[in-house]
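Report on the following structure.
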Amino acid sequence: DQFGNVSSSTLCGNLAGKNNRPIKISSKGELISKECEQETTTYEYSNDGLNLLLGEIDSNGIRTRYDYIENSNILKAKRIFHEGVYKQREFYFYDKNNALVKKVSDDGGREWMEDVTGVTERKIILIKPRKDAPVGLPEEIEEIAVKFPEQEEILLKRIENKYSDYGQLIKQKEIGRASCRERVSL
């Protein structure tokens, strides 16, 4: 578009493994042979000066919609739907420094996170960012599954990160339901 945003992209080739014909492209980079399989995605952007990606739709009619915190480029929600039915939802939450502190993903059938109509699985990622310099790096990460319909939370794993004074990850300890793994970087 006029702001340099990609309005569509097309992937061509032997996508389903049924067409072995070579792809022919002109010297200008344009597709010559139309026999190859194609997957095209079109994109929509905001016109508020931020040029934020608001949505996309692929050749199969699968739509993705993005919502942002007002007057920012910080993602608040991502929803994927097909034929008007929500298939996947993601919601993002941040601290005062705009560090991600929580991500909720599920297969709910409604627009808003609080509405659990149709939810059969939900995953929550909780992130505790560093408060000391370098600020914002994830010190602790918990991955939680939510059992439905009870909405019971089950801790799947917990990761503890240690950083150098320069922000380099030097040690990572993963604690699962029945395991404990430690990784050390030198």
Side-chain angles (χ1 to χ4, degrees), residues 1-127 129 136-138 141-146 148 156 159:
D1 68 8
Q2 64 185 8
F3 301 108
N5 298 314
V6 176
S7 57
S8 70
S9 64
T10 302
L11 177 64
C12 300
N14 185 14
L15 304 180
K18 298 176 182 175
N19 185 349
N20 291 326
R21 293 187 182 141
I23 299 171
K24 295 179 184 170
I25 299 175
S26 73
S27 60
K28 295 180 181 178
E30 297 169 347
L31 185 65
I32 296 173
S33 60
K34 300 290 184 187
E35 300 91 33
C36 68
E37 298 169 86
Q38 297 183 29
E39 173 63 37
T40 300
T41 302
T42 57
Y43 306 94
E44 175 190 1
Y45 299 89
S46 68
N47 58 6
D48 58 0
L50 295 175
N51 298 325
L52 301 171
L53 179 62
L54 297 177
E56 56 187 78
I57 182 169
D58 71 14
S59 299
N60 297 313
I62 297 172
R63 296 178 180 268
T64 305
R65 192 175 89 209
Y66 303 91
D67 294 321
Y68 300 86
I69 294 174
E70 193 171 343
N71 299 317
S72 78
N73 63 350
I74 301 171
L75 187 62
K76 179 172 62 173
K78 175 182 174 183
R79 299 174 188 89
I80 300 172
F81 53 102
H82 185 252
E83 297 177 352
V85 177
Y86 287 96
K87 301 293 184 181
Q88 182 179 353
R89 312 180 303 174
E90 295 177 1
F91 302 95
Y92 304 88
F93 301 88
Y94 304 87
D95 68 7
K96 66 181 181 180
N97 297 313
N98 293 327
L100 182 66
V101 294
K102 183 177 181 180
K103 177 183 173 187
V104 178
S105 306
D106 67 28
D107 62 348
R110 302 277 196 249
E111 184 171 5
W112 305 109
M113 184 183 79
E114 295 79 15
D115 189 341
V116 294
T117 303
V119 174
T120 61
E121 59 183 62
R122 177 175 274 184
K123 183 166 109 177
I124 301 171
I125 297 175
L126 298 175
I127 302 165
L137 295 172
I141 304 168
E142 290 184 344
E143 189 174 315
I144 299 166
V146 181
F148 279 89
L156 299 176
I159 297 172

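Computed from heavy atoms alone, side chains included, the values below leave out hydrogens, waters and symmetry copies.
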Quiz item: Rounded to the nearest 0.5 Å, how far apart are CD1 of I62 and CZ of F81?
Solution: 11.5 Å
Quiz item: Does D107 pair with R122 as a salt bridge, N-O distance under 4.0 Å?
Solution: no
Quiz item: Where do S59 and T40 come nearest, in terms of heavy atoms and distance?
Solution: OG-N, 2.8 Å
Practice problem: Using a strict cut-off of less than 4.0 Å between a Lys/Arg side-chain nitrogen and an Asp/Glu carboxylate oxygen, indicate whether K123 and E143 qualify as a salt bridge. | Solution: yes
Practice problem: Take F93 and V104 through the test side-chain contact (heavy atoms from CB on, under 4.5 Å) and record every step on the way to the result. | Solution: CA-CA 9 Å; F93 301 88; V104 178; 4.2 Å; yes
Self-check item: Value rounded to 0.5 Å, distance of OG in S46 from OH in Y66
Solution: 13.5 Å
Quiz item: Going through the distances and angles, do I141 and I125 end up as a side-chain contact (heavy atoms from CB on, under 4.5 Å)?
Solution: CA-CA 7 Å; I141 304 168; I125 297 175; 3.8 Å; yes
Exercise. Considering non-hydrogen atoms only, spot the tightest contact between N71 and L50 and give its length.
Key: C-CD1, 4.2 Å
Quiz item: Once you round to the nearest 0.5 Å, how far does CD of E90 lie from NZ of K103?
Solution: 4.0 Å
Quiz item: Taking all non-hydrogen atoms of both residues, which atom of P129 and which atom of I127 are closest, and how far apart?
Solution: CD-O, 3.3 Å
Quiz prompt | Side-chain donor/acceptor of D58 to backbone N/O of N60, under 3.5 Å | solution = yes
Quiz item: How many angstroms lie between atom CD1 of I23 and atom CD of Q38, to the nearest 0.5 angstrom?
Solution: 9.0 Å
Self-check item: D115 side chain to T117 backbone, donor-acceptor under 3.5 Å
Solution: yes
Practice problem: Answer yes or no: is there a donor N or O on one side and an acceptor on the other, between the side chain of T10 and the main chain of E39, under 3.5 Å? | Solution: no
Quiz item: Which of these, K78, R65, R89, sits in a salt bridge (charged side-chain N to carboxylate O under 4.0 Å, His left out) with E111?
Solution: R65
Quiz item: Is the backbone of I74 close enough, under 3.5 Å, to the side chain of Y92 for a donor and an acceptor to pair up by distance?
Solution: no
Exercise. Go through L54 and Y45 one step at a time and tell me if the side-chain contact (heavy atoms from CB on, under 4.5 Å) criterion holds.
Key: CA-CA 5 Å; L54 297 177; Y45 299 89; 5.7 Å; no
Exercise. Go through the steps for I124 and K102 under the test side-chain contact (heavy atoms from CB on, under 4.5 Å), then give the verdict.
Key: CA-CA 7 Å; I124 301 171; K102 183 177 181 180; 4.1 Å; yes
Quiz prompt | Side-chain (S8) to main-chain (T42) donor-acceptor, under 3.5 angstrom | solution = no
Quiz prompt | Reported CG-to-CG distance for the pair N73 and D48, which is rounded to 0.5 angstrom | solution = 10.0 Å
